[in-house]
Amino acid sequence: MASSIDPAPARSSAHSEQLGGQARRDLADAPLLAAARGATPSRLPVWFMRQAGRSLPEYRSLRQGVSMLNACFDPALLTEITLQPVRRHGVDAAILFSDIVVPLRAAGVEVEIASGVGPVVSTPVRAAGDVEALPELHAEQVAPVADGVRMLVSELGEVPLIGFAGAPFTLASYLIEGGPSKNHERTKALMHAEPELWHRLMSKLAAMAVTFLRAQLAAGADAVQLFDSWAGALSERDYREFVLPHSTAVLDGIADAGVPRIHFGVGTGELLPAMRQAGADVVGVDWRVPLDEAARRMSRDAAGPPAVQGNLDPALLLASWEVLDRQVRRIADEGRAAAGHVFNLGHGVLPETDADVLTRIVDLVHELRP
Ligand code: CP3
């Protein structure tokens, strides 16, 4: 079933650019896409968050002398980096090499990625004027990313490409705090003290995410993941009031593409049903809640139970193979309780991980019954 995304804007004039859509590849039988639909895949699909990155020596050598963000705007380089883990591990999906702050940088926000730290914003967004000054993203500003996506889908064969964006809350936290934050205190304070301003900021970030995702989809991405890495810092009540409407707007804004939408966060055991309600087909689960329990928590969803992804603790990649073998089999067993299962980590690959361990996990997952 070949479908193409309508270039018309889904929600507002903020993303009214004409995106030259191209026909999506017909990969209906790809294990990742089958599992995401709740069909039985030919094998249990596996990929790893942050599979492209510092665990790979070939990545480290390509990145010599190139800043993270410059790499993200170089179509040939981002294509090569995205392909590296697919070639090496035989994973069932490629994830676009990019970063959640790429749309901010593309729109003109001064943001850098400091090695070992993460995104750093030179002028944090804290007052009404800062929110008003936040630029809109136009699709042509992420043209190098779309060019990379087009190169990737022509090189990936039968392997689906997952595009992604940062969810409004996680982006808002970086913008308001000015960098990574343990407690998200300024973010939570602004949310509660100035709810109107908060919602204005979140609406702008949602529009940006839709533009960024639609550019990737128009260029041929086969699935998308919305990363709300820090949503687990919130109570369910605050999540529903301050975040859910905006993440829903992002996922609704790409629904017409008809591709699986994966929604992921860390520490979100209490938020899983709400994250499902935002419109996800697949809900990402960290290592704190087993997949069968995650499936149970979402079983009463009006749209039916979703597929799940995740749960292997990335720290355990540094343990012995005996430990990992047991964990991988446990997760595969527990995943069968869900409507679909995509094998993954509970969060990204840590840089100190031995890449050969990832390959060995892929081989084991592929031997297990889906
Ligand atoms: O392989 C993949 O998963 C695709 C690439 C990817 C990167 N960042 C590459 C990257 C993805 C999907 C992201 C998303 C991202 N970026 C998130 C959401 C996922 C998550 O981890 O929770 C977040 C919160 C960010 C922000 C960010 N960017 C952080 C916290 C860091 C790490 C800083 C560090 O050096 O430890 C980055 C930088 C970054 N993004 C790297 C990579 C490979 C490391 C930079 C480098 O190699 O120099």
Side-chain angles (χ1 to χ4, degrees), residues 46-74 77-89 91 93-105 109 111-121 145 148-149 152 161-175 177-182 184 187 205 209 212-213 216 221 223-233 247 262-268 284-287 309-310 314 342 344-353 355 358:
V46 50
W47 68 280
F48 304 106
M49 292 185 277
R50 290 275 173 92
Q51 63 190 19
R54 284 174 294 184
S55 65
L56 301 185
E58 60 269 34
Y59 167 80
R60 294 194 294 265
S61 81
L62 266 187
R63 275 286 317 285
Q64 293 277 331
V66 187
S67 76
M68 173 67 193
L69 282 172
N70 285 348
C72 293
F73 285 95
D74 179 328
L77 193 52
L78 77 85
T79 297
E80 177 56 23
I81 294 174
T82 302
L83 292 172
Q84 284 178 341
V86 179
R87 283 192 207 111
R88 182 193 260 263
H89 305 306
V91 280
I95 174 122
L96 178 69
F97 180 80
S98 189
D99 195 83
I100 58 167
V101 298
V102 161
L104 293 171
R105 163 66 86 89
V109 176
V111 54
E112 287 299 334
I113 294 182
S115 183
V117 178
V120 180
V121 180
V145 177
V149 170
L152 278 164
L161 175 67
I162 303 173
F164 75 90
F169 174 74
T170 292
L171 287 175
S173 171
Y174 282 111
L175 285 174
E177 308 291 338
S181 168
K182 189 158 166 252
H184 308 276
T187 309
L205 294 172
F212 188 44
L213 289 172
Q216 297 170 47
V224 297
Q225 178 155 325
L226 189 64
F227 283 90
D228 210 352
S229 304
W230 312 141
S247 293
I262 310 169
H263 195 182
F264 165 79
V266 180
T268 51
V285 181
D286 76 1
W287 57 90
Q309 168 182 285
V342 176
N344 206 321
L345 307 176
H347 200 179
V349 176
L350 298 166
E352 48 276 60
T353 304
L358 296 174

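Atoms within each ligand, like the ligands themselves, are counted from 1 in listed order. Both backbone and side-chain heavy atoms feed into the values below; hydrogens, waters and symmetry mates do not.
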Next item on the list: Test side chain to side chain contact (heavy atoms under 4.5 Å, CB included) on Ser55 and Leu358 and set out the steps.
Entry: CA-CA 10 Å; Ser55 65; Leu358 296 174; 4.1 Å; yes
Next item on the list: Mind checking the CG-OG spacing from Asp228 to Ser247? Nearest 0.5 Å is all I need.
Entry: 5.0 Å
Next item on the list: With side chain to side chain contact (heavy atoms under 4.5 Å, CB included) as the test, would you mind laying out the steps for Arg50 and His347 before giving the verdict?
Entry: CA-CA 8 Å; Arg50 290 275 173 92; His347 200 179; over 6 Å; no
Quick one: ligand 1 N/O to protein N/O pairs below 3.5 Å?
{"residue": "ligand 1", "atom": "1 (O)", "partner": "Arg50", "partner atom": "N", "Å": "3.4"}
{"residue": "ligand 1", "atom": "1 (O)", "partner": "Gln51", "partner atom": "N", "Å": "3.1"}
{"residue": "ligand 1", "atom": "1 (O)", "partner": "Ala52", "partner atom": "N", "Å": "3.0"}
{"residue": "ligand 1", "atom": "1 (O)", "partner": "Ala52", "partner atom": "O", "Å": "3.4"}
{"residue": "ligand 1", "atom": "3 (O)", "partner": "Arg50", "partner atom": "N", "Å": "2.5"}
{"residue": "ligand 1", "atom": "8 (N)", "partner": "Arg50", "partner atom": "NE", "Å": "3.4"}
{"residue": "ligand 1", "atom": "8 (N)", "partner": "Asp99", "partner atom": "OD1", "Å": "3.2"}
{"residue": "ligand 1", "atom": "16 (N)", "partner": "Asp99", "partner atom": "OD1", "Å": "2.9"}
{"residue": "ligand 1", "atom": "21 (O)", "partner": "Arg50", "partner atom": "NH2", "Å": "3.2"}
{"residue": "ligand 1", "atom": "21 (O)", "partner": "His347", "partner atom": "NE2", "Å": "3.1"}
{"residue": "ligand 1", "atom": "22 (O)", "partner": "Ser229", "partner atom": "OG", "Å": "2.4"}
{"residue": "ligand 1", "atom": "22 (O)", "partner": "His347", "partner atom": "NE2", "Å": "2.6"}
{"residue": "ligand 1", "atom": "28 (N)", "partner": "Asp99", "partner atom": "OD1", "Å": "2.7"}
{"residue": "ligand 1", "atom": "35 (O)", "partner": "Arg54", "partner atom": "NH1", "Å": "3.3"}
{"residue": "ligand 1", "atom": "35 (O)", "partner": "Arg54", "partner atom": "NH2", "Å": "3.1"}
{"residue": "ligand 1", "atom": "35 (O)", "partner": "Gly116", "partner atom": "N", "Å": "2.6"}
{"residue": "ligand 1", "atom": "36 (O)", "partner": "Arg54", "partner atom": "NH2", "Å": "2.9"}
{"residue": "ligand 1", "atom": "40 (N)", "partner": "Asp99", "partner atom": "OD1", "Å": "2.9"}
{"residue": "ligand 1", "atom": "47 (O)", "partner": "Tyr59", "partner atom": "OH", "Å": "2.5"}
{"residue": "ligand 1", "atom": "47 (O)", "partner": "Arg63", "partner atom": "NH1", "Å": "3.0"}
{"residue": "ligand 1", "atom": "48 (O)", "partner": "Arg63", "partner atom": "NH1", "Å": "3.0"}
{"residue": "ligand 1", "atom": "48 (O)", "partner": "Arg63", "partner atom": "NH2", "Å": "3.4"}

Margin query: Using a strict threshold of under 4.0 Å (side-chain N to carboxylate O), is an ion pair present between Arg105 and Glu112?
Written below: yes
Check: When the ring planes of His184 and Phe169 are compared, do they come out parallel, tilted or perpendicular, using 30° and 60° as the limits?
Finding: tilted
Notebook entry, point to check: Does the distance from a Lys or Arg side-chain N to an Asp or Glu carboxylate O, for Glu177 and Lys182, drop under 4.0 Å?
Noted result: no
